[in-house]
Amino acid sequence: MGKRVVIKISELTNKHKISLRQLSRISDVRHAALSELANGKRESISFSHIVKIAEALNIEDIREIIDLVDTEID
């Protein structure tokens with residue numbers, strides 16, 4: 001069993017009742033990057049994006065943005 005990092009963009013937008021476009025606007029992170037993260041098409045995120053998202057949504061705990069989950073290895 002391995003681990004992988006999950007970026008919880010969809011959970012954040014649902015919790016804060018905002019769209020991806022609104023999150024993009026208030027965080028100054030490109031909409032395309034947020035969309036790729038939300039759809040699992042991008043597996044990396046820069047520290048600056050994490051900080052921008054946290055500041056935009058008044059998040060104190062990084063675990064609200066990212067999570068480490070178990071994965072099954074074939």
Side-chain angles (χ1 to χ4, degrees):
M1 191 170 294
K3 302 270 187 193
R4 71 180 180 95
V5 174
V6 174
I7 313 300
K8 302 189 284 187
I9 298 298
S10 294
E11 289 178 32
L12 290 172
T13 55
N14 289 336
K15 178 181 178 182
H16 293 272
K17 296 181 171 82
I18 60 174
S19 68
L20 272 181
R21 195 151 311 275
Q22 289 171 307
L23 179 57
S24 173
R25 197 168 40 252
I26 64 174
S27 67
D28 196 30
V29 175
R30 287 182 322 109
H31 179 266
L34 292 173
S35 179
E36 289 171 355
L37 287 166
N39 294 319
K41 293 182 179 178
R42 177 185 283 211
E43 294 185 5
S44 64
I45 185 171
S46 71
F47 287 121
S48 65
H49 285 177
I50 293 171
V51 171
K52 288 178 177 183
I53 292 167
E55 288 174 344
L57 299 177
N58 296 316
I59 292 173
E60 299 284 330
D61 188 344
I62 195 170
R63 293 175 292 183
E64 289 186 51
I65 302 171
I66 63 174
D67 199 5
L68 189 62
V69 297
D70 291 326
T71 59
E72 302 231 356
I73 299 175
D74 295 338

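A donor-acceptor pair under 3.5 Å is absent between the side-chain atoms of Ser35 and the main chain of His31, judged by distance alone.
Separation of atoms CG (Leu23) and CG (Leu12) is listed at 7.0 Å; rounding is to 0.5 Å. Interatomic distance, Ile7 CD1 to Glu36 CD, rounded to the nearest 0.5 Å: 12.5 Å. Annotation: the span from Arg30 atom CZ to Leu37 atom CG amounts to 10.0 Å, rounded to 0.5 Å.
With sequence neighbours left out, Ser19 forms a side-chain contact (heavy atoms from CB on, under 4.5 Å) with Arg21, Gln22.
Contact annotation: the side chain of Leu20 approaches that of Thr13 to within less than 4.5 Å [non-hydrogen atoms, C-beta and beyond]. Taking 4.5 Å as the limit, some side-chain heavy atom of Ile26 sits within range of a side-chain heavy atom of Leu57.
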Result block: side-chain N/O donor-acceptor pairs under 3.5 angstrom for residues 59-66, not counting sequence neighbours:
{"unit_1": "Asp61", "atom_1": "OD1", "unit_2": "Arg63", "atom_2": "N", "d": "3.0"}
{"unit_1": "Asp61", "atom_1": "OD1", "unit_2": "Arg63", "atom_2": "NE", "d": "3.1"}
{"unit_1": "Asp61", "atom_1": "OD2", "unit_2": "Arg63", "atom_2": "NE", "d": "3.2"}
{"unit_1": "Asp61", "atom_1": "OD2", "unit_2": "Arg63", "atom_2": "NH2", "d": "2.8"}
{"unit_1": "Glu64", "atom_1": "OE1", "unit_2": "Lys15", "atom_2": "NZ", "d": "3.0"}

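Grouping the Ile, Leu, Val, Met, Phe, Trp and Tyr side chains by contacts below 4.5 angstrom, directly or via other members, places Ile53 with Val5.
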Show your working on side-chain contact (heavy atoms from CB on, under 4.5 Å) between Lys3 and Thr71 and close with a plain yes or no. CA-CA 5 Å; Lys3 302 270 187 193; Thr71 59; 5.8 Å; no
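Within the hydrophobic cluster formed by Ile, Leu, Val, Met, Phe, Trp and Tyr side chains joined at under 4.5 Å, directly or through other members, Val69 is accompanied by Val6.
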